[in-house]
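Count residues from 1 along the sequence. Scope of the values below: all heavy atoms of this structure, side chains included, with no hydrogens, waters or symmetry mates.
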Amino acid sequence: DDLATRKKTWEKADAFCRHDQRIRAAFRYSQLQVKKDGPVGELRDKLRSLGKKLDQIGDLMDSEAKLQSQLLDPLDSVQATYKTRYLQAFDEVTGKCEQVRTEIDNVPDSRSFKAIAELVKIDALNSVDVGTLKDDVAGYKDNLFHSSVDRNAVDAGLKHRPQPEGCSLHVDEADQLVAEAEQALDKARAEVHSALVNMASLLRQPALRSLLEQGKQEQFIADVL
């Protein structure tokens, strides 16, 4: 009788451990903190509920049916919704950041940057180092969100944890990361615009204008004036 009882206990533990990966996933999801008004705000109570069920792990180990109905099925429900929202956020953030990286890379080809590159050839206007300006512009890409894994890996990783390994994105941060990417592009363009305006201000100095006035009989100089 004693051995039979021990055998049943062993079998229950064995049945419990066959679900170890999903139980670990349930624990990780139960630790996730999300904003009430965020993309997955409706899952807050369900995430907390997973944690409460794990606090009663002994009861779950005692019955595989109870484990399935009280923990694993609710986990599946949570993951189905969370996965959809997370991948949407991932696509939005990575798409925006890639777009911004491309646009920042194209800034040196803009008319403003080309104008600066031409103006620095004039000794009186060569206060801007074009190479440094180009590096400064490229530097705005450094803080953009980057994932070391692709969408398929993120999709697979969500089965085990709410933030897949190799992807630092938190679902509640998506809007902020998109806004930061847009700000980075604005700052990169503003860097060039500021340099160009500073050079243009030198061209508007009264002394230079006075000199130009002396040659305004030349059509080219008249056009400049």
Side-chain angles (χ1 to χ4, degrees), residues 5-101 142-184:
T5 300
R6 290 173 184 269
K7 182 172 182 291
K8 288 179 180 178
T9 301
W10 176 272
E11 289 170 346
K12 289 177 181 178
D14 179 60
F16 181 83
C17 288
R18 284 199 294 270
H19 301 285
D20 69 311
Q21 293 299 320
R22 295 178 71 197
I23 294 169
R24 291 174 191 273
F27 171 75
R28 295 182 185 117
Y29 272 86
S30 74
Q31 301 298 299
L32 179 66
Q33 301 291 320
V34 298
K35 295 179 181 178
K36 188 175 182 179
D37 58 349
V40 292
E42 74 269 28
L43 296 180
R44 289 182 74 192
D45 292 341
K46 293 180 179 180
L47 292 168
R48 290 198 193 104
S49 180
L50 290 177
K52 291 177 180 177
K53 293 300 180 184
L54 286 166
D55 289 339
Q56 303 167 359
I57 199 74
D59 292 340
L60 300 179
M61 188 180 291
D62 193 53
S63 169
E64 188 173 14
K66 190 179 290 186
L67 172 67
Q68 184 67 46
S69 64
Q70 295 188 14
L71 183 69
L72 302 184
D73 287 345
L75 172 65
D76 289 341
S77 175
V78 166
Q79 286 184 312
T81 300
Y82 183 84
K83 180 179 178 180
T84 299
R85 304 285 172 77
Y86 191 94
L87 290 176
Q88 287 173 344
F90 180 82
D91 290 342
E92 182 182 11
V93 172
T94 54
K96 171 58 71 174
C97 288
E98 283 306 309
Q99 174 197 335
V100 168
R101 284 189 185 93
D142 294 345
N143 293 326
L144 297 178
F145 173 81
H146 174 73
S147 172
S148 61
V149 292
D150 62 15
R151 191 182 194 276
N152 290 334
V154 170
D155 190 345
L158 289 169
K159 182 179 181 180
H160 304 290
R161 62 189 75 238
Q163 280 186 263
E165 293 180 332
C167 179
S168 61
L169 176 66
H170 189 293
V171 68
D172 285 338
E173 297 174 349
D175 289 344
Q176 178 185 343
L177 291 171
V178 167
E180 288 175 356
E182 293 172 344
Q183 289 169 9

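- A salt bridge does not link K52 to D55: none of the charged side-chain nitrogens sits closer than 4.0 Å to a carboxylate oxygen.
- Not counting sequence neighbours, A13 has no partner by the side-chain contact (heavy atoms from CB on, under 4.5 Å) test.
- Across all non-hydrogen atoms, the minimal contact from E182 to V100 is N-CG2, 4.4 Å.
- Around atom CG of N143, no more than 12 heavy atoms belonging to other residues, nucleotides or ligands sit under 6.0 Å away.
- Here NE2 of H19 is found 5.5 Å from CG of L67. Values are rounded to the nearest 0.5 Å.
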Discussion item. Applying side chain to side chain contact (heavy atoms under 4.5 Å, CB included) to L169 and T94, what does each step give before you reach the verdict?
Written reply: CA-CA 10 Å; L169 176 66; T94 54; over 6 Å; no

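- Surrounding CZ of F16 are more than 12 heavy atoms belonging to other residues, nucleotides or ligands, all under 6.0 Å away.
- Checked against V178 for a side-chain contact (heavy atoms from CB on, under 4.5 Å), the options E173, Q183, E92 give a single hit: E92.
- With rounding to the nearest 0.5 Å, the separation of CD1 in I57 from CZ in F27 is 10.5 Å.
- The two residues T81 and E42 come nearest to each other via the heavy atoms CG2-OE2, 3.7 Å.
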Item to complete: Verify side chain to side chain contact (heavy atoms under 4.5 Å, CB included) between D172 and Q33, making sure each step is shown before the conclusion.
Response: CA-CA 9 Å; D172 285 338; Q33 301 291 320; over 6 Å; no

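- Defined by atom type and a distance below 3.5 Å, a donor-acceptor pair is present between the side-chain atoms of E180 and Q176.
- Look at E11 and K7 and you find a salt bridge, because one of the NZ, NE, NH1 or NH2 atoms lies within 4.0 Å of a carboxylate O, short of that distance.
- The two atoms that bring K12 and M61 nearest to each other are CB-O, 3.7 Å, heavy atoms only.
- S168 approaches Q163 most closely through the heavy-atom pair O-NE2, 3.2 Å.
- Under a 4.0 Å N-O distance rule, the pair K66/D59 does not qualify as a salt bridge.
- Heavy-atom contacts from other residues, nucleotides or ligands closer than 6.0 Å to CZ of R28 number more than 12.
- The shortest non-hydrogen separation linking L32 to P162 is CD2-CB, 3.8 Å.
- Using modelled atom types, one finds no donor on one side chain facing an acceptor on the other under 3.5 Å when comparing E165 with H160.
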